[in-house]
Amino acid sequence: MSRPSQTAIPCTLMRGGTSKGPFFLAHDLPSDIPTRDRVLLAAMGSPDVRQIDGVGGADPLTSKVAIVSRSSRSGIDVDYLFAQVSVDRPLVDVTPTCGNMLAGVGPFAIERGLVAPRDPTTSVTICMVNTGTVAVAHVPTPGGEVTYAGETSIAGVPGTAAAIRIDFRDTAGSVCGALLPTGNTTDQLDGVDATLIDNGMPMVVLRASDLGTSGYEAPAELSSDQKLKARLEAIRILAGERMGLGDVRSKVVPKITLIAPPQSGGHVMTRTFIPHKCHTAIGVLMAVTVGTACIFPRSVAHGIVPLQAEAVQRLSIEHPSGEFSVEFQVERTGDSLKVIRSSLIRTARALFQGKLLVPTSVWVGNQPLSSTDVSRTAQHA
Ligand code: NQM
């Protein structure tokens, strides 16, 4: 019998917030990392600007993968490993997590039998393995079934869906080890003021006006401004070193946000680079991190975002396709600030369930051994 030319891997394609990508159970993928990464590149069709030979959407926001497993950590239901698959380079980066894909993890874990549903809501405690931080997703499960239907709309996604509330508790220093990795609220990089901060996502926050931009440009205009992008990349490389991330040329963190005064009744306007293309909205943990920069006294947001005194504050972060609200519970002591909790609302939807095919030249799969293989293995034992 001839050997099949493709390996079939069980998979659910999901929209998580404003991102989309395949969700896998960890045991359905190769356990060795170089083979796993080759499988993910082949699955998405990378490297190729159109990702024509895979299921990637030819954009960083749709070239994402979630790998989920039952957790053996105490108090945690599931482990979620996020992989950013580069569209045009043969790279898979697992340094940061993704809070948008995270929105799909609770429903996926329930539907794949990793978490028992409750009526009417199932709270799923998720370890974001990339950063070792924890999120609790509250998934609507009326009658013990995941529902995707609901009345909540989020900017960047047409229509409405069921609201998934997500609480983060320990995101400070997720990758850099400290909320303010340089110990400063403002640093100077290449002659520009910058707040280098990590409350779930390593970020460089800059004033748009310091870069000669308004902060209100369309993402496509900013993404095609090669002069601006070269300047931002130079700043990002310096920031990466100062934030303890080393040489970040082939890493997707830190990301960059340009801030400006709000335009539509929110607290701040943003344009975010992820890191070489301008986001059409803003990432989840980016919004949490940029929001945290805005509530810090003496950050680059000083003079743009008025400080609030309340212990629980809601910040509306404007972005190119609407706004993103994050609720923060904070504790201030003098100039120091601790974020106890941040919460936000996302939606998600399972789009397709089936098997994703990759060439057997990339991976032959976790196949049971044939009788010939078994006798060969026995001879070598
Ligand atoms: O910040 C985009 C997204 C993200 C990341 C990216 C994210 C987050 O919008 O938590 O969600 O970093 O490429 O999905």
Side-chain angles (χ1 to χ4, degrees), residues 14-23 44 46 51 56-66 80-89 91-106 126 128-131 133-135 137 154-157 164 166-168 170-172 174-176 197-205 219 222-223 232 236 240 245 248 250-257 270-293 315 317 319-326 342-349:
M14 297 202 71
R15 172 181 69 77
T18 50
S19 287
K20 178 162 70 177
F23 280 56
M44 303 307 274
S46 295
Q51 292 184 318
D59 185 282
L61 298 178
T62 49
S63 189
K64 297 176 174 243
V65 172
Y80 151 55
L81 177 71
F82 164 69
Q84 180 73 53
V85 180
S86 171
V87 171
D88 55 358
R89 294 196 287 171
L91 290 177
V92 176
D93 194 351
V94 295
T95 314
T97 186
C98 172
N100 271 305
M101 291 289 274
L102 170 70
V105 172
I126 302 162
M128 298 181 281
V129 177
N130 308 72
T131 53
T133 52
V134 174
I154 59 171
V157 179
I164 300 174
I166 303 180
D167 298 325
F168 298 105
D170 59 351
T171 42
S174 68
V175 177
C176 301
I197 186 163
D198 171 6
N199 194 14
M201 185 67 75
M203 302 286 307
V204 182
V205 187
L222 293 173
S223 292
L232 292 180
R236 196 179 83 86
L245 298 168
V248 296
S250 62
K251 290 188 182 157
V252 294
V253 287
K255 319 250 177 184
I256 300 177
T257 292
T270 58
R271 291 292 182 271
T272 299
F273 291 77
I274 55 171
H276 305 298
K277 189 167 179 181
C278 183
H279 204 304
T280 48
I282 187 168
V284 171
L285 288 151
M286 294 177 211
V288 170
T289 300
V290 172
T292 306
L315 226 72
I317 297 165
H319 56 68
S321 48
E323 74 85 48
F324 195 130
S325 291
V326 186
S342 47
S343 302
L344 43 92
I345 299 291
R346 295 276 85 188
T347 64
R349 192 163 77 85

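The structure presented is a predicted model; accordingly, all values stated were derived computationally and were not measured. In listed order, ligands and their atoms are each counted from 1.
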Just jot down the ligand 1 atoms closer than 4.0 angstrom to any heavy atom of Lys255, in number order.
6 (C), 12 (O), 13 (O)
Closest heavy-atom contact between Ile317 and Ala287?
CD1-O, 3.2 Å
My understanding is that we take every heavy atom of each candidate and find the minimum distance to atom 9 (O) of ligand 1. Doing that for Lys64, Met128, His279, which one comes out nearest?
His279
Checking heavy atoms under 4.0 Å, the part of Met201 that sits near ligand 1 is side chain
Working to the nearest 0.5 angstrom, can you tell me the gap between Phe168 CZ and Leu344 CG?
5.0 Å
Ser19: numbered ligand 1 atoms lying under 4.0 Å from its heavy atoms:
3 (C), 9 (O), 14 (O)
Decide whether an N or O pair under 3.5 Å exists between Pro60 and ligand 1.
no
Close N or O approach (Gly99, ligand 1; < 3.5 Å):
yes
State whether the shortest distance between N or O atoms of Thr97 and N or O atoms of ligand 1 falls below 3.5 angstrom.
no
Cys98 backbone acceptor or donor facing Tyr80 side chain under 3.5 Å:
yes
Determine yes or no for a side-chain-to-main-chain donor-acceptor pair under 3.5 angstrom, with Asn199 supplying the side chain and Ala172 the backbone.
yes
Under 3.5 Å donor-acceptor, Arg346 side chain and Ala348 backbone:
no
Taking 4.0 angstrom as the limit and counting only heavy atoms of Leu61, give me the atoms of ligand 1 inside it, by number and element.
2 (C), 3 (C), 9 (O)
How far is atom 3 (C) of ligand 1 from its nearest protein heavy atom, and which residue and atom is that?
Asn100 ND2, 3.2 Å
Report yes or no: do Gln84 and Ser86 form a side-chain donor-acceptor pair below 3.5 Å?
no
Do any N or O atoms from the side chain of Asn130 and from the backbone of Pro96 form a donor-acceptor pair under 3.5 angstrom?
yes
Given that the side chain starts at C-beta and the backbone is N, CA, C, O, which of these parts of Gln84 lies under 4.0 Å from ligand 1, counting heavy atoms, or is it both or neither?
side chain
N or O contact, Cys98 vs ligand 1, cut-off under 3.5 Å:
no
Check whether Asp198 reaches the backbone of Ser174 with its side chain - one donor and one acceptor, N or O, closer than 3.5 Å.
yes
